[in-house]
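Here is the naming used below: chain letters follow the sequence lines, and residue numbers restart at 1 for every chain.
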Amino acid sequence: MLRGTALTRATRTRTILNNLSFEVPAGTTATVLGPSGSGKTTLLRLVMGLDRPDTGELRLGDQLLSSPDRHVPPQKRGMSMVFQEFTLFPNLDVEGNVAFGVKRARDAETRVDALLELLEISQLKHRRIDNLSGGEQQRVALARALAVAPRVLLMDEPFSNIDAMLRQRLFERLHSYLRANGITALVATHDHQEAFYFSDHILVLKDGRLIDHNPPRRIYEQPANAWVAEFFGDTNLLTGAELGVLAPGRPLQPAARYLVRPETIELTDPGSGAAAATVAKTVYYGAYQEVRLRLEGTGPEIRVHCTGPKTLRVGEQVGLMLRTDAAPHPINDEPAD
Amino acid sequence: MMLIQRLLPIVALTFGIAFAAQAADTTVRVISDRTPSHLEPLFEYYRTLTGVEIESAFVDKGLIARLQSRPTEADLIITKTADILEEAKQQRLLRPFDSSTIAAELPARFRDADDAYITLSYRPRVIFASKERVEPDSIETYADLTDPEWRGRICIRSGYHNYNLSLLSQMAEDQGLPAARAFIMGLHANLARRPKGNDRAQVRAIYEGECDLSLGNSYYMPIMLANPEQRAWGKATYLIFPNQESGGSYIMRGGAALTTANRNVPAATQLLEFLVSNAGQEFIVNTTFEYPVRDDVEMLDSLRALGNRQEGIEGGRFKANFIPLDAIAAHRDAIVTILDEVDFDSDR
Amino acid sequence: MSTLRRVLTGLALALFLAPALLLLFRATAPLETAALWRLADTVLPGYVATTVLLAAAAAMLALPIGVGGAWLTTFFEFPGRRLLDSALALPLVLPSYLVAIVYRELSHRFDWSPVVESPPAAAFLLALTLYPYIYMLTQASFRRQTAGYLEAGWTLGVGRWRTTWQILLPLALPAMLLGVLLVVVEVVSDFGTASALGLRTLTIAVHRAWFSQYDQALAAQLALLTALLPLLLVAAYGGLTQGRSFTTLTNRPRSPERQHLSFSLAWLAAAACSLPVLLGFAWPMLWLLAWAAEAIDRFRLRELYGDLLNTLLLGIGTAALTLLLGLFFALTARAADGPHWRLGILSVLSLTYGMPAIALAIALLFLTGWSYQTAGGAWLADTLLLVLLATTLRFTAFASFSIESGLAGVSPRLDDALRCAGRGRLHGLLRVLLPQIRGPLVIAALLVFVITSKELTLSLVLQPFGYGSLALSIFRFAEIDLYPPAALYTLSLVLVLIYPVLSLNRWLGGRP
């Protein structure tokens with residue numbers, strides 16, 4: 001269990017991390033998600049021991065790693081880290097980089113080969129670093145961090161330079177490798193798709209504060225506030241009164257606001273369903289079609305994601321209802337911006 | 001803006017000087033390898049006297065190369081080593097002067113046979129000896145320095161320095177090349193240390209006890225005595241004019257010549273005449289402590305005192321060996337060859 | 001690359017190559033080799049040996065001082081660290097030969113002051129005044145990559161020492177080599193120190209052949225021989241680094257967390273860093289100050305002002321010209337396909353820098369001789385421009401090298417983007433490209449200014465009428481043993497150079 005308690009770090013001019021507490025169970029993967037400048041990298045550096053907290057504590061299992069008066073140096077933490085800028089050693093070749101931290105020389109050869117194989121870069125083994133593409137360098141950095149068999153692996157935007165198809169394949173391999181070896185991982189990213197794939201837990205950071213800390217499904221369906229809701233996908237924020245039109249008979253607070261994800265609303269034939277609406281705009285996204293609808297009367301604009309062969313046109317009349325298995329989540333704060 | 005305003009005159013001056021120089025008849029350009037402070041007071045005096053402006057470049061190295069590449073750059077050359085004037089004459093870089101004044105006032109031994117250059121002053125290359133450790137009259141000639149008695153007791157600057165090359169060339173002309181070779185080898189065998197430093201550094205080595213004898217130009221004695229830091233070095237030694245019984249001491253000559261520039265020959269000739277006049281000679285003697293080329297120039301007390309421990313020397317007057325410069329120049333290469341063979345500047 | 005650009009670059013390179021070609025012509029045309037062979041049979045081997053030994057010893061001594069200083073000030077915290085960080089660059093403000101003269105004088109005045117008139121001692125003194133090149137370049141390299149790689153090492157469970165040894169030192173190697181190269185070129189082409197200490201080096205032999213024997217062919221042959229050593233080193237540098245310098249001056253520097261040393265080690269480090277500053281700067285400065293105090297009321301300051309202005313004019317003018325030419329060459333090399341232009345430019349510039357200054361000066365004298373017959377040519381030679389041309393030819397290598405290494409850090413895609421931006425090339429260059437390499441430009445300008453202000457030989461041979469500079473006056477006074485005025489002028493030179501040297505150190509360290 002990696003546990004941070006009330007961690008704070010500030011520079012002279014601003015607070016980078018503000019009173020952060022979190023837990024990552026051993027062997028699981030947690031993602032640190034947030035917009036750039038939210039403190040993700042600082043959190044990772046703090047866990048790694050490259051930076052020290054001003055207040056608070058960091059523990060791995062029973063061991064106290066960081067506190068204002070105790071600091072286990074990074075090289076003694078049994079962790080490794082993939083830097084956003086890779087920081088590969090340009091004077092060593094790929095093999096030299098990956099083997100750099102391996103303690104026992106006897107293990108190095110086989111372990112390096114296995115990792116290069118896993119990340120599909122075996123053919124680069126003897127290449128110089130400055131001849132590699134960004135994606136290749138990123139994978140070398142990943143292999144280098146894994147080669148030291150860390151208890152905890154920290155990754156800062158580890159897949160930002162890798163193209164989509166390869167990324168999917170690497171996700172899967174890395175995920176099962178981490179599981180198989182019982183490695184606890186903390187991944188910083190700004191891409192929520194990556195977060196969903198990888199994580200057992202997601203830590204959402206905004207302006208140095210931890211504003212949500214839950215498993216992916218919970219974060220998506222029951223976010224802590226409107227900002228988190230919007231960060232993870234398209235939203236409809238409706239009052240109980242407005243939502244009541246789509247879902248008659250549900251027990252709703254008329255004045256409260258609810259998160260309704262676009263894919264939880266069903267379109268029906270005109271005249272059927274719970275309410276009638278006019279199509280105001282449509283956008284085709286491939287996997288689904290986003291439809292913006294205006295309810296009869298002066299209701300709010302509602303977004304719906306619909307799948308299937310049917311193509312809707314602007315001005316068309318449709319019926320509308322909340323899926324019966326959907327559970328609208330009450331949101332307590334104002335939407336961002 | 002302020003800076004630019006201040007710099008402008010300087011820029012204008014730097015770039016404008018050439019035009020001014022070429023335009024004005026009242027300007028003479030002098031190129032010299034002498035120390036600026038030895039000539040500048042003279043130039044200043046000349047300007048107040050005649051209104052003629054003198055522009056100078058003090059090129060301590062490569063004076064000959066500059067003459068070769070731009071023969072007409074200056075009107076007049078003033079050098080501390082007249083040997084290079086002979087070299088320049090052979091390369092046709094000099095214009096013979098035409099002056100009845102010089103012909104009348106300057107003895108022939110101070111003029112080139114073709115009137116290509118003149119000697120302005122001279123100083124003998126003499127022996128400095130330790131007052132404590134060298135008996136007066138134990139040395140009379142240069143060749144005496146090769147006596148085994150002085151083994152490990154002599155200091156000298158690099159054999160390849162112009163002063164030494166000139167001295168050895170004069171010896172080769174005076175006594176024959178074999179004698180010069182024997183002198184070089186004998187002297188080298190007697191050296192106390194590797195040749196290094198200037199002439200004064202050798203006298204200092206005598207003062208500090210590293211050696212007992214050295215070769216140097218005579219003017220260093222008055223210069224050292226006038227300098228509080230160096231007075232002790234001079235005082236530790238006395239000066240011997242060598243070869244007084246046999247042809248005279250070998251000398252270094254300062255000289256002057258006209259270049260082939262025809263911008264302002266009369267004015268340049270006039271300056272040349274001034275340099276050999278009584279007033280010009282006084283300036284030269286007073287700043288350089290060399291010997292004048294006129295007998296009617298008053299000798300400084302410091303010069304009169306030279307050689308006062310030596311028998312036969314009165315009032316600093318000594319017998320100099322005026323070997324023509326063209327004869328000296330002819331031996332230069334042979335001397336360098338011998339120095340190389342002996343590896344004269346090597347560690348002993 | 002456009003034809004115009006090719007032609008212009010070719011012409012510029014021809015200008016740089018001309019002195020060397022003339023030298024080659026003078027050395028080979030008369031087919032007079034007798035004097036050279038005679039020298040080879042007698043004293044030449046000694047001259048070559050002294051030169052090689054002096055250069056090698058000075059470089060080997062300067063290397064640990066420079067690298068050690070850079071290492072201690074970058075990685076460790078100790079008393080006076082910030083001060084010493086700057087102070088270690090200070091010996092660069094003093095002309096080497098003057099430091100040699102001070103130590104020579106002291107050895108005569110005090111029994112405890114060691115005798116310095118031997119090749120090993122001379123190598124030590126040269127190392128003391130030249131190590132700042134190695135120090136500043138190595139420190140810049142450390143600064144620009146240390147923090148990241150140390151941290152990367154820690155994240156892999158590897159401690160400070162192993163990362164330093166296996167990563168940081170190898171990465172700083174090109175910077176160290178470049179520093180060594182500069183030291184060697186300065187030592188080989190040095191005249192002042194060798195002559196002050198009575199050493200027999202090749203440069204001394206060149207002077208001798210020219211000024212005592214009037215033998216131009218021999219002097220040219222010896223000059224070419226002298227230029228060989230720096231050229232070999234440039235080739236070795238090019239081969240070893242294969243045109244790659246891991247750091248570029250545009251890297252953003254980040255200082256690592258400095259390690260705190262135990263009490264005794266901290267004071268030891270402070271002492272180790274103070275020693276070169278004390279010996280190479282403070283101690284000679286103390287004596288120069290004492291001597292200058294004697295001179296202050298005895299000399300006319302008006303002359304000093306003239307020298308000062310000329311020194312500034314020459315320094316600033318050379319810095320500006322070398323920057324323009326360096327930029328032109330660097331942009332040409334960048335625009336060219338393949339490494340040929342780059343290598344060509346590098347070798348021509350290094351050849352001009354590597355030949356002894358005296359050879360360059362005399363070659364320029366003869367090259368510009370014909371032009372003196374024309375009114376315009378006479379005007380040029382009578383102004384500072386000829387000296388300016390000489391210093392520019394000699395020191396453009398610095399500017400070109402610095403700018404090129406800066407441009408290496410700017411993505412070539414930026415050039416394409418600028419071409420698509422619709423404004424003229426010049427606009428893109430001035431508004432986008434140059435600001436990106438501001439650091440390397442400033443570094444080149446400062447370095448050229450410092451080195452030009454101390455320059456002696458070129459001004460000595462090529463000076464126009466009525467000209468004087470601080471370096472010239474210092475040399476003249478020192479030559480006739482007038483140390484008080486020499487010291488006074490040196491202090492003026494120190495005042496001119498101290499700020500440029502300190503800011504050079506700051507810019508190289510990436511902390512403007």
Side-chain angles (χ1 to χ4, degrees), chain B residues 7 10-11 13-19 21-22 29-31 35-37 55-66 68-74 84 87 157-158 160-162 165 194-198 200-201 204 208 223 227 229-230 332-333 336-337 339-346, chain C residues 35 38-39 41-44 46 104 108 117 196-200 204 207-208 210-216 306 309-310 312-313 358 361-362 365-370 372-373 375 378-385 457 460-468 472-473 475-476 479-483:
Chain B
L7 283 179
I10 308 292
V11 176
L13 196 71
T14 315
F15 294 147
I17 267 168
F19 287 129
Q22 280 168 346
R29 307 183 94 192
V30 176
I31 194 163
T35 303
S37 57
E55 282 221 342
S56 51
F58 294 96
V59 181
D60 319 43
K61 287 190 190 309
L63 188 55
I64 272 276
R66 253 185 100 142
Q68 286 169 333
S69 87
R70 310 179 206 161
T72 59
E73 181 180 36
I84 72 162
E87 184 75 22
R157 76 188 305 168
S158 165
Y160 301 95
H161 189 272
N162 270 326
L165 285 182
R194 167 167 59 95
K196 62 183 180 183
N198 54 19
R200 258 180 285 191
R204 184 186 213 174
E208 289 170 355
I223 289 177
N227 183 331
E229 282 164 12
Q230 300 171 356
R332 212 174 169 95
D333 284 346
V336 169
T337 306
L339 289 172
D340 283 343
E341 281 167 13
V342 175
D343 200 359
F344 191 81
D345 282 0
S346 64
Chain C
R38 194 174 48 68
L39 270 191
D41 279 341
T42 53
V43 291
L44 191 59
R104 191 191 68 194
H108 282 288
E117 289 161 293
L197 301 183
L199 303 180
R200 302 191 301 156
I204 294 280
H207 279 246
R208 203 193 92 185
W210 235 310
F211 305 134
S212 294
Q213 296 175 248
Y214 315 125
D215 189 340
Q216 289 179 19
L309 272 167
N310 281 332
L312 288 174
L313 264 182
I358 187 69
I362 303 261
L365 260 190
F366 287 113
L367 278 175
T368 56
W370 60 271
Y372 199 81
Q373 309 305 326
W379 180 75
L380 277 185
D382 273 345
T383 61
L384 199 49
L385 288 180
T457 311
L460 203 56
V461 176
L462 299 172
Q463 55 177 303
F465 277 75
Y467 178 77
L472 273 180
S473 295
F475 174 75
R476 287 191 179 126
E479 207 183 29
I480 53 170
D481 298 350
L482 281 182
Y483 301 126

Please state whether the side chain, the backbone, both or neither of B:Glu73 comes within less than 4.5 Å of a heavy atom of chain C.
both
Answer with side chain, backbone, both or neither: which region of B:Val30 has an atom nearer than 4.5 Å to a non-hydrogen atom of chain C?
backbone
Whatever's closer than 4.5 Å to a heavy atom in chain B on C:His207 counts as side chain
Under a 4.5 Å heavy-atom cut-off, does chain B meet the side chain of C:Leu365, its backbone, both or neither?
both
Once rounded to the nearest 0.5 Å, what's the spacing between atom CG of C:Leu482 and atom OG of B:Ser37?
7.0 Å
Interchain contact, B:Glu208 with chain C, by part (heavy-atom threshold 4.5 Å):
side chain
Given heavy-atom pairs under 4.5 angstrom as the criterion, report whether the side chain, backbone, both or neither of C:Leu44 touches chain B.
neither
d(C:Ile362 CD1, B:Gln68 CD) to nearest 0.5 Å is 8.5 Å
Answer with side chain, backbone, both or neither: which region of B:Phe58 has an atom nearer than 4.5 Å to a non-hydrogen atom of chain C?
both
Between B:Ser56 and chain C, which part of the residue has a heavy atom less than 4.5 Å away: side chain, backbone, both or neither?
backbone
Please classify the contact of B:Leu63 with chain C as side chain, backbone, both or neither, using a heavy-atom distance under 4.5 Å.
neither
For B:Arg66, which atoms come within 4.5 Å of any heavy atom of chain C: side chain, backbone, both, or neither?
both
B:Ala74 portion near chain C, given a 4.5 angstrom heavy-atom threshold
both
Tell me, for C:Gln216 versus chain B, whether the close heavy atoms (under 4.5 Å) come from the side chain, the backbone, both or neither.
side chain
With sequence neighbours excluded, residues passing salt bridge (charged side-chain N to carboxylate O under 4.0 Å, His left out) with B:Asp343
C:Arg200
Can you tell which of C:Thr457, C:Asp481, C:Leu312 has the highest number of heavy-atom pairs within less than 4.5 Å of chain B?
C:Asp481
Exercise: identify the closest heavy-atom pair between C:Thr42 and B:Asp340
CB-O, 3.3 Å
Least distance between heavy atoms, B:Ala57 atom then C:Pro464 atom
CB-O, 4.3 Å
First locate atom CZ of B:Arg29, then atom CZ of C:Phe465, and finally report the distance between them rounded to the nearest 0.5 Å.
4.5 Å
Need one label for B:Arg204: side chain, backbone, both or neither, based on atoms under 4.5 Å from any heavy atom in chain C.
side chain
CG-CZ distance between B:Leu165 and C:Arg208, expressed to the nearest 0.5 angstrom:
8.0 Å
For C:Glu479 and B:Asp60, which heavy atoms make the closest approach, and how far apart are they?
OE1-OD2, 3.9 Å
